Amino acid sequence: MEMEYRIRAFVPSDTESVVALWEACGLVRPWNDPRRDIERKATVQSELFLVAEDADRRVVAAGMAGFDGHRGWVNYLAVLPELQGSGLGRTLMAEFEQRLAAMGCPKVNLQVRAGNERVIGFYESLGYSPDQTVSLGKRLIPDA
């Protein structure tokens, strides 16, 4: 029997479940406070912060997307480890792509940590490919 999941917009009461999910998936880093990232996302295109819940209303997947008028981005996509490979990540990415396309977004970018071959393979299976770019960053507001 295939599980049914409902994709919906994030609500503030999801915060601790989403943080626990991101921690279980190894996405949290000391220099990024996930609760601050959630607070920030709530103020910008909050309709592109999605969660998937199971029949028991347990958050089992989540992710953030955004569109700056030039490119779309997907960040913090996570599926509970025991559900990875179930198609839930594909479903969430398809939802992001549909929503971004409806906004007029011509291309979606995402970042995967170097060496994370399993996740790179997941995105390649969805049609994503390396852009041969170097990602640079500069912290303007420290979280720690």
Side-chain angles (χ1 to χ4, degrees), residues 1-131 133 135 137 139-144:
M1 180 175 129
E2 191 172 313
M3 288 287 293
E4 296 269 336
Y5 301 99
R6 181 171 80 104
I7 295 175
R8 62 170 175 78
F10 169 89
V11 294
S13 60
D14 294 325
T15 298
E16 294 310 313
S17 295
V18 169
V19 171
L21 170 66
W22 290 344
E23 288 173 342
C25 293
L27 298 181
V28 176
R29 295 294 186 266
W31 54 88
N32 282 93
D33 181 330
R35 288 168 188 83
R36 284 189 182 172
D37 286 343
I38 288 170
E39 289 171 13
R40 291 175 181 125
K41 183 59 184 166
T43 68
V44 179
Q45 296 177 331
S46 61
E47 71 277 11
L48 293 177
F49 188 177
L50 303 177
V51 300
E53 62 182 19
D54 64 12
D56 296 325
R57 295 188 172 172
R58 178 178 68 135
V59 172
V60 295
M64 297 176 175
F67 178 48
D68 61 14
H70 176 64
R71 293 284 185 255
W73 286 88
V74 175
N75 296 292
Y76 274 123
L77 182 74
V79 174
L80 278 178
E82 62 267 25
L83 296 176
Q84 291 173 4
S86 70
L88 189 51
R90 288 177 179 276
T91 299
L92 202 52
M93 282 300 294
E95 183 68 21
F96 282 132
E97 289 172 1
Q98 181 274 321
R99 290 181 184 217
L100 290 165
M103 297 171 80
C105 177
K107 183 181 182 214
V108 178
N109 289 346
L110 52 86
Q111 296 175 314
V112 178
R113 294 195 189 283
N116 194 342
E117 297 304 321
R118 183 168 170 253
V119 171
I120 291 169
F122 165 72
Y123 286 113
E124 287 177 338
S125 77
L126 298 179
Y128 288 78
S129 60
D131 278 341
T133 61
S135 177
R139 171 109 7 227
L140 300 177
I141 301 171
D143 281 359

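It should be emphasised that the depicted structure is a prediction, and the values quoted were computed from it without experimental measurement.
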Kindly indicate whether the side chain of Tyr5, heavy atoms from C-beta on, has any atom under 4.5 Å from the side chain of Thr91. no
Arg35 bridged to Glu39 by N-O distance under 4.0 Å: no
Is Arg8 salt-bridged to Asp14, going by a charged N under 4.0 Å from an acidic O? yes
Quick one, Leu48 and Leu100 - any side-chain contact, counting heavy atoms below 4.5 Å? yes
Side chain proximity check, Cys105 to His70, heavy atoms < 4.5 angstrom: no
Measure the CZ-CD1 distance between Arg36 and Ile141 for me, rounded to the nearest 0.5 Å. 9.0 Å
If only atom types and distance count, is the side chain of Arg99 paired as donor or acceptor with the main-chain N or O of Ala65 below 3.5 Å? no
Going by heavy atoms in the side chains, are Leu92 and Leu77 under 4.5 Å from each other? yes
Please report the shortest heavy-atom distance between Val28 and Glu23, naming the atom on each side. CG2-CG, 3.7 Å
Are the side chain of Asp56 and the backbone of Arg58 linked by a donor-acceptor contact shorter than 3.5 Å? no
Kindly write out the residues that satisfy ring pair (Phe, Tyr, Trp, His ring centres under 6.0 Å) with Trp22, not counting sequence neighbours, or none if the list is empty. Tyr76
Asn32 side chain reached by Arg139 side chain, heavy atoms, under 4.5 Å: yes
Can you name the nearest heavy-atom pair linking Leu21 to Val79, along with the distance? CD1-C, 3.8 Å
Do side-chain atoms of Glu53 reach the backbone of Arg6 as a donor and acceptor pair under 3.5 angstrom? no
State, with a plain yes or no, whether a side-chain heavy atom of Arg90 is found less than 4.5 Å away from one of Phe122. yes
Quick one, Asn116 and Arg118 - any side-chain contact, counting heavy atoms below 4.5 Å? yes
Less than 4.5 Å apart, side chain to side chain, heavy atoms only: is that true for Trp73 and Gln111? yes
Measure across Pro106 and Phe67 and return the closest heavy-atom pair with its distance rounded to 0.1 Å. CD-CE1, 4.0 Å
